[in-house]
Amino acid sequence: PPRSTLFPYTTLFRSRKAKEIIRKELSLITREDIKTIETIIDYLDRKTRNACFNRMIDILSQRPEMARHTVSLAFEEQLLNVNTRLLNTLLEKAPYAITFEKVYLFGEEIIGVSGKVSKERNYNQLARVLRHRLDLAKYFVYPAFQEQACGCESGLLRTVLNLTPEVITQEDLDNYIDAVHDIRWHIHSQLRSYNEQAIVWILEARPDLTRKPEKKKAKMELPFPLRSGS
């Protein structure tokens, strides 16, 4: 359900709730408290938001058993472009806490980020996560292709190809090429050219894979009254 239905309260109430949690004795903060912060973090003022992220850093440092409950907030920190160090701390102290579900959800969230620069920054952060969790590499393939499809010049696909190109399957490549074929040269020539180059990178890293041919589009027949000779 939408966050607004989970916590349909005023900004002031949310801020008070967040402050109440982060002022708790560190040993008394529960997974439910962290979930509550995750639910309301988007609605908090910058100062309170930063305090919440910094409190999660304290938890990672002193209560590593709680690390898996901070992963969503670490990714949220990146989506919100907050200048704290939660994701950095997570990667330093508990990268094992990151699961494929969290990687998938972060990749989906990046699609909705506005602005090319912001998208690229988040894809680059996803590349950093991959370097710490090569065992999850196959779950980075789809967001790496999505990165290219939206024209981002970040480093996720390059990181996949440099570190774990073997995780890309023929089906993955076929699906990506289908998406590239849907990019029309005459409408989005620069984007199509960029993705064609990405296909070259992939085939150079994985010469055992093959490029499927582009299907010719069926000619559209004019409606009967407009046909010549009618």
Side-chain angles (χ1 to χ4, degrees), residues 71-72 74-81 87-88 90-91 95-220:
V71 176
S72 292
F75 286 147
E76 191 71 17
E77 172 198 53
Q78 299 307 307
L79 294 166
L80 293 170
N81 195 18
L87 180 61
N88 290 349
L90 179 67
L91 294 177
Y96 58 83
I98 299 172
T99 63
F100 74 88
E101 295 98 336
K102 299 300 185 183
V103 169
Y104 172 80
L105 290 173
F106 184 39
E108 289 293 297
E109 292 276 11
I110 295 174
I111 296 173
V113 170
S114 60
K116 184 171 180 282
V117 172
S118 294
K119 271 190 169 70
E120 289 175 349
R121 183 180 55 78
N122 279 281
Y123 280 123
N124 281 328
Q125 294 292 51
L126 202 51
R128 289 181 62 222
V129 175
L130 171 59
R131 294 187 190 102
H132 286 80
R133 290 303 306 272
L134 292 178
D135 58 309
L136 298 180
K138 67 179 181 179
Y139 301 105
F140 291 79
V141 174
Y142 175 76
F145 288 157
Q146 188 63 48
E147 168 198 51
Q148 302 303 304
C150 65
C152 287
E153 299 175 74
S154 35
L156 180 55
L157 178 61
R158 285 296 203 173
T159 302
V160 171
L161 296 178
N162 287 336
L163 299 180
T164 58
E166 70 278 359
V167 300
I168 300 175
T169 67
Q170 184 65 56
E171 183 179 6
D172 291 333
L173 181 58
D174 288 347
N175 290 336
Y176 174 52
I177 288 175
D178 283 340
V180 174
H181 288 166
D182 285 337
I183 302 173
R184 294 286 172 261
W185 280 107
H186 63 286
I187 300 175
H188 302 292
S189 60
Q190 186 174 359
L191 181 60
R192 176 66 183 263
S193 178
Y194 179 63
N195 279 272
E196 290 289 341
Q197 180 60 60
I199 293 173
V200 172
W201 298 337
I202 295 164
L203 293 176
E204 286 176 348
R206 288 290 307 278
D208 56 308
L209 300 179
T210 58
R211 174 171 185 157
K212 66 184 299 187
E214 184 169 5
K215 291 182 179 178
K216 291 185 177 180
K217 302 292 181 182
K219 291 184 178 179
M220 292 184 65

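Quick caveat: nothing in here was measured; it's all calculated off a predicted structure. Positions are given from 1, in the same order as the sequence printed here.
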Where do [X] and [Y] come nearest, in terms of heavy atoms and distance?
X	Y	result
Asp174	Thr210	OD1-O, 4.3 Å
Leu191	Cys150	CD1-C, 4.1 Å
Leu156	Pro143	CD2-C, 3.8 Å
Tyr194	Glu153	OH-CA, 3.3 Å
Pro165	Ala205	CB-CB, 4.2 Å
Leu79	Arg121	O-NH2, 4.5 Å

Gap separating the [atom1] atom of [X] from the [atom2] atom of [Y], nearest 0.5 angstrom:
X	Y	atom1	atom2	answer
Asn162	Leu157	CG	CG	9.0 Å
Leu87	Gln125	CG	CD	5.5 Å
Phe106	Glu76	CZ	CD	9.5 Å
Ser154	Lys116	OG	NZ	8.0 Å
Arg128	Leu91	CZ	CG	5.0 Å
Ser189	Glu196	OG	CD	12.0 Å

>> Taking Lys119 first and then Glu147, would you say they form a salt bridge - that is, a charged N and a carboxylate O separated by under 4.0 Å?
In response: no
> In terms of side-chain geometry, is the basic nitrogen of Asp178 or Lys212 positioned less than 4.0 Å from the acidic oxygen of its partner?
Replying inline: yes
>> Do Val160 and Ile168 make a side-chain contact, defined as non-hydrogen atoms from C-beta onward lying under 4.5 Å apart?
In response: yes
Donor-acceptor pair between [X] and [Y] side chains, under 3.5 angstrom:
X	Y	answer
Asn124	Glu120	no
Tyr176	Asn195	yes
Asp172	Thr169	yes

> Could you go step by step and tell me if Ser193 and Trp185 meet the side chain to side chain contact (heavy atoms under 4.5 Å, CB included) rule?
Replying inline: CA-CA 8 Å; Ser193 178; Trp185 280 107; 4.0 Å; yes
>> Go through it in stages, so that I can follow the logic: the residues are Leu203 and Leu173, the test is side chain to side chain contact (heavy atoms under 4.5 Å, CB included), and I'd like the CA-CA distance, side-chain angles, deciding distance and then a yes or no.
In response: CA-CA 9 Å; Leu203 293 176; Leu173 181 58; 3.8 Å; yes
> Of Arg133, His132, Lys138, which meets side-chain contact (heavy atoms from CB on, under 4.5 Å) against Asp135?
Replying inline: Arg133
>> side chain to side chain contact (heavy atoms under 4.5 Å, CB included) for Leu136 and Leu130? Distances and angles first, verdict last.
In response: CA-CA 7 Å; Leu136 298 180; Leu130 171 59; over 6 Å; no
>> Looking at Lys102, is its backbone amide N or carbonyl O close enough to the side chain of Tyr139 to form a donor-acceptor pair, meaning the two atoms are under 3.5 Å apart?
In response: no
> Checking side chain to side chain contact (heavy atoms under 4.5 Å, CB included) for the pair Val129/Phe75: CA distance, chi angles, key distance, verdict?
Replying inline: CA-CA 10 Å; Val129 175; Phe75 286 147; 3.9 Å; yes
